[in-house]
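Since the structure comes first, as structure tokens, the remarks are kept for the end.
Numbers here are sequence positions counted from 1. Start at 1 and go down the list; that is how both ligands and their atoms are numbered. Heavy atoms only: backbone and side chains are in, while hydrogens, waters and symmetry mates are out.
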Amino acid sequence: MCGITGYIGEKAATDILVDGLKRLEYRGYDSCGVAGITPKHGLYLKRVSGRVDALDAIIAKDPLRKGVIGIGHTRWATHGVPSEDNAHPHTDCDNQVVIVHNGIIENYLEIKEKLLKTGHKFKSETDTEIVVHLIEEKIKSLNKTGKSGDGDLLEPVFFEAVRRAIEELRGSFAMTILWAKCPNMLLAARQHSPLVIGLGDGENFIASDVSAFLKHTKKAVFLNDGEMAVVKKDSVKYFNFKGNKVEHASVTIQWDSTMAEKGGYKHFMLKEIHEQPESVENTLRGRLLPLKGDILQQEINLPSELIRNIKGVQIIACGTAYHAGMVGRYVFENFGLPASVDFASEFSDRAKIINKDIFIIAVSQSGETADTLYAVREAKASGAKVLAITNTLGSTLTREADFVLYTHCGPEIGVASTKAFIGQMAAMYVLAIHFAVIRGNIFDADARKYVNELLKIPRLIEATLANEGVISDVADHFAKSEHFLFIARHINFPIALEGALKIKEISYVHAEGYAAGEMKHGPIAIIYKGMPVLAIATTSKMLSLVANNIEEAKARGAEVIAIVDEDSREFIKAPRYIVVPRTLEILSPLLTVIPLQLFAYFIALAKKCDIDKPRNLAKSVTVR
Ligand code: M6R
């Protein structure tokens, strides 16, 4: 989510910053900018709405390219639509302090309100801008605004102002800050968002990841959460947020820059699968109050009255997003609200059965899927209110929907959706619990139980990912199979469909997802000796029935791979197991999907398929 670059040294900073931004564009590319200082022109700043090439073109002949210190940013919008005004860097009221930021400041509205009262003027809709005004405020209160001169004397003031501002922030951030009055230093800080320092000879770099500076240096220091760095051309010093010094040893990076963009993973898909703990965290962040069991509405602004009055929910989506919608349906129903789900392409003609009592939830990673947009228009014409669950700020869907819940998963590059899917499911849980609380369908104590368990999910996903080796071995064993079957019941049925879809998309092999109970009504006929059948058999009230279905498949020669948890394993007899951690039954799709994504990935890898850009597919389908 967003790419940051920073440079201080003796070379033309802008060239290095812009080149670094091009390498970070995979992190987001809806707007970008650079800021720097030259002795002749003071602080300068250039931003564009669009890609880094456009920025490069407008500053091609700019004399300001001569500065030797600067910061840069390429943005994936989270707060505020993609536009030049919302592009980073952002400045304080006097255009003296300038910042680039990656992450989400959860309490920005609170802070903004206070700053507005003390006369600060805001130029953007971003959460980031409050940070730079807060720093300005702290500099003022430290009462040394630079009258005594520029440079080294003011450096402690700059450091302390940023440190004090950080103390007031809640949320996630990686940021780099420049103050015109301290032209010999950059400040960097990290909390729950990556930031790395590149150590050069007479020059130093800051970036969201090493790919931005690998061609200049391979020596790097990865900041930890809660740390700041004071970066000068000949030195870097590290501190914690209390202002105490910390030590860091540098590491030598062995990757080339393409490997680095993918974080060392072979494909974006694998990287995105591994980013899922963070995706869930980002979707939940600021929305769940663990102790109150309530959900913050700041962003979606859904009136409680609307939630109380609706008679049902209709979910519409396509592809993987549709599978998230199916999970959503089970969750809403579990909390006592009737829900149905439809392919957007099928829903349009049925939209006439919709009225204002039905609440529409449209799910779309891109927010640009033509089928989904068309269905939303039809639903609105029938008088329904629409909430969009999307990953893409400023997308058409966000403009057409009445309410928006962002998943904040960051750009998904792999055509096969993985981290966006998990974000969509997490958003469904947030909404369904919230609706249940407002409608009085669950006790607070129960809501708290779900919320507390949801908050554990990122760590459980990490534990599931640690099983990658086992999954890769199983996939290698079956890589030559021409057919795959995925079976599950109830809330994991959509995950069986999703597992099959992943294999089809990236391996071009036939795969079917089936409701396990339906197998005996016909599809069991396709099972042949040696056919791989992946069965989701985690602890649930349906486990004994799933166990029967597994036996039925085995009896016809299927090679069953059972996705189990520690407790369900003893009830399932299968030649192969993939174990996921135990969680509440209703939340289990957030874990069971992980091995299926990895399984599909390793099958495609063994088949040497073009995993990130599978044949015949596009990331966003903008035709009906
Ligand atoms: O951008 P959207 O979520 O609206 O896209 C919907 C589908 O086209 C998408 O999920 C597609 O099925 C993916 N390639 C699945 O991996």
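- You'll find the side chain of Tyr508 stays beyond 4.5 Å of the side chain of Lys607, heavy atoms only.
- The structure places CD1 of Ile105 at 4.0 Å from NE2 of His101, a figure rounded to the nearest 0.5 Å.
- Note: Phe332 and Phe435 have perpendicular aromatic rings, judged against thresholds of 30 and 60 degrees for the angle between ring planes.
- Partner Gln597 forms a side chain to side chain donor-acceptor pair (under 3.5 Å) with one of Gln276, Glu498, Lys502 and no other, that one being Gln276.
- Ion pairing of Glu275 with Lys419 is present here, as a side-chain N (NZ or NE/NH1/NH2) and a carboxylate O approach within less than 4.0 Å.
- Paired with Arg75 under the rule side chain to side chain contact (heavy atoms under 4.5 Å, CB included), one option of Thr128, Asn102, Thr126 passes, and it is Thr126.
- Around ligand 1 you find Cys318, Gly319, Thr320, Ala321, Ser364, Gln365, Ser366, Thr369, Val415, Ala416, Ser417, Lys502, Glu505, each with a heavy-atom distance below 4.0 Å.
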